[in-house]
Amino acid sequence: MLMRPVKEILHTFTRFIILALIGMMMLAVLLSTVELLIILVIELLKPPKYLLGIDNLFEIFGFFMMILIGLELLESIRTYLTDELLHVEVVFLVAMIAIARKVIILEVKDLDPLVLIGIASIILALAAGITL
């Protein structure tokens, strides 16, 4: 009989935490999107106007991918809130976006070959995991 109130308290606490996480994630994604817009406008207005250098593109693409990761995490939290179960596909998708972001902003010439092999192994493991 004591277990029922404990389960209800735990359920209420979990829902409160999830709602707090959703609120914070929404704020983080919104602020990140505004910051990306500001960076993009500032870089486009610098001389030479309307041209972005390769370094700026890497920064902007990295920022863009980070926002996509935030959106996928938000979707994962929302799915958990509505279905009360964690979808493995969403977790794999977040991981794949995160590793894609890492690859996009990667300076290959500065890395040890073993690090590149490790990143390639992560990509292969995620690809194999999502197809199963």
Side-chain angles (χ1 to χ4, degrees):
M1 291 211 268
L2 183 62
M3 284 303 282
R4 186 165 177 95
V6 171
K7 282 185 179 180
E8 289 175 9
I9 291 171
L10 185 60
H11 182 73
T12 303
F13 176 77
T14 304
R15 300 220 18 119
F16 173 76
I17 294 298
I18 290 170
L19 288 172
L21 286 173
I22 287 174
M24 289 184 283
M25 186 61 74
M26 286 171 57
L27 182 62
V29 168
L30 176 66
L31 293 176
S32 298
T33 304
V34 170
E35 187 173 347
L36 176 61
L37 177 66
I38 291 169
I39 290 171
L40 192 57
V41 169
I42 288 172
E43 293 301 324
L44 282 173
L45 294 178
K46 280 184 184 176
K49 285 192 175 192
Y50 311 116
L51 293 176
L52 296 172
I54 210 76
D55 291 335
N56 291 336
L57 284 174
F58 279 129
E59 179 186 357
I60 288 167
F61 286 162
F63 219 113
F64 186 81
M65 294 299 282
M66 194 60 125
I67 292 169
L68 284 178
I69 291 169
L71 287 173
E72 287 301 326
L73 285 172
L74 187 60
E75 177 64 21
S76 176
I77 295 169
R78 187 198 62 78
T79 303
Y80 182 78
L81 183 64
T82 56
D83 300 345
E84 292 192 5
L85 57 104
L86 192 60
H87 291 275
V88 177
E89 301 88 14
V90 177
V91 175
F92 269 100
L93 187 58
V94 169
M96 290 182 90
I97 292 172
I99 198 72
R101 178 189 176 275
K102 180 69 177 171
V103 169
I104 286 172
I105 64 172
L106 198 61
E107 291 289 332
V108 178
K109 60 183 174 250
D110 297 338
L111 290 178
D112 185 60
L114 198 55
V115 173
L116 295 174
I117 291 171
I119 292 172
S121 301
I122 292 170
I123 292 170
L124 288 173
L126 286 171
I130 205 161
T131 58
L132 296 177

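With rounding to the nearest 0.5 Å, the separation of CD1 in Ile67 from CG in Leu74 is 13.0 Å. To the nearest 0.5 Å, the span separating CE on Met96 from CD1 on Ile130 amounts to 5.0 Å. Rounded to the nearest 0.5 Å, atoms CD (Glu89) and CG (Leu93) are 10.0 Å apart. A distance of 10.0 Å separates CD1 of Ile97 from CZ of Phe64, quoted to the nearest 0.5 Å.
Side chain of Thr14 to backbone of Leu10: a donor-acceptor contact under 3.5 angstrom is found.
Clustering ILVMFWY residues whenever any of their side-chain heavy atoms sit less than 4.5 angstrom apart, transitively, puts Val88 in a cluster other than the one holding Leu81. By the criterion of side-chain heavy atoms lying less than 4.5 angstrom apart, applied directly or through intervening Ile, Leu, Val, Met, Phe, Trp or Tyr residues, Phe61 is grouped together with Val94 in one hydrophobic cluster. Note on Met25: it clusters hydrophobically with Leu19, by side-chain heavy-atom contacts below 4.5 Å among ILVMFWY residues. Cluster membership check: Ile54 shares its hydrophobic cluster with Leu40, using side-chain heavy-atom separations under 4.5 Å among Ile, Leu, Val, Met, Phe, Trp and Tyr. With hydrophobic clusters built from ILVMFWY side chains whose heavy atoms lie under 4.5 angstrom apart, Ile119 does not share a cluster with Phe58.
Looking at residues two or more places apart in sequence or on another chain, you find a side-chain hydrogen bond (donor to acceptor under 3.5 Å, both in side chains) between Glu43 and Lys46, Asn56. Annotation: salt bridge (charged side-chain N to carboxylate O under 4.0 Å, His left out) contacts of Glu75 (sequence neighbours excluded): Arg78. Checked against side-chain contact (heavy atoms from CB on, under 4.5 Å), Asp83 has the following partners two or more places apart in sequence or in another chain: Thr79, Leu85, His87. Shown here are the side-chain contact (heavy atoms from CB on, under 4.5 Å) partners of Ile77, two or more places apart in sequence or in another chain: Ile18, Leu21, Ile22.
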Report all side-chain donor-acceptor pairs from residues 29-37 shorter than 3.5 Å, counting only partners two or more places apart or in another chain.
unit_1: Ser32; atom_1: OG; unit_2: Ala28; atom_2: O; d: 2.7
unit_1: Thr33; atom_1: OG1; unit_2: Val29; atom_2: O; d: 2.7

Please tabulate, for side-chain N and O atoms in residues 99-117, each donor-acceptor pair with protein atoms closer than 3.5 Å (sequence neighbours left out).
unit_1: Arg101; atom_1: NE; unit_2: Gly62; atom_2: O; d: 3.1
unit_1: Asp112; atom_1: OD2; unit_2: Leu114; atom_2: N; d: 3.3

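For residues 11-20, the salt bridge (charged side-chain N to carboxylate O under 4.0 Å, His left out) pairs, not counting sequence neighbours, are Arg15-Glu84. Applying the salt bridge (charged side-chain N to carboxylate O under 4.0 Å, His left out) test to pairs two or more places apart or on separate chains, none has a residue in residues 120-132.
The two residues Ile60 and Leu52 make their nearest non-hydrogen contact at CD1-CD1, 3.9 Å.
Other residues, nucleotides and ligands contribute only 12 or fewer heavy atoms inside 6.0 Å of the CE atom of Met66.
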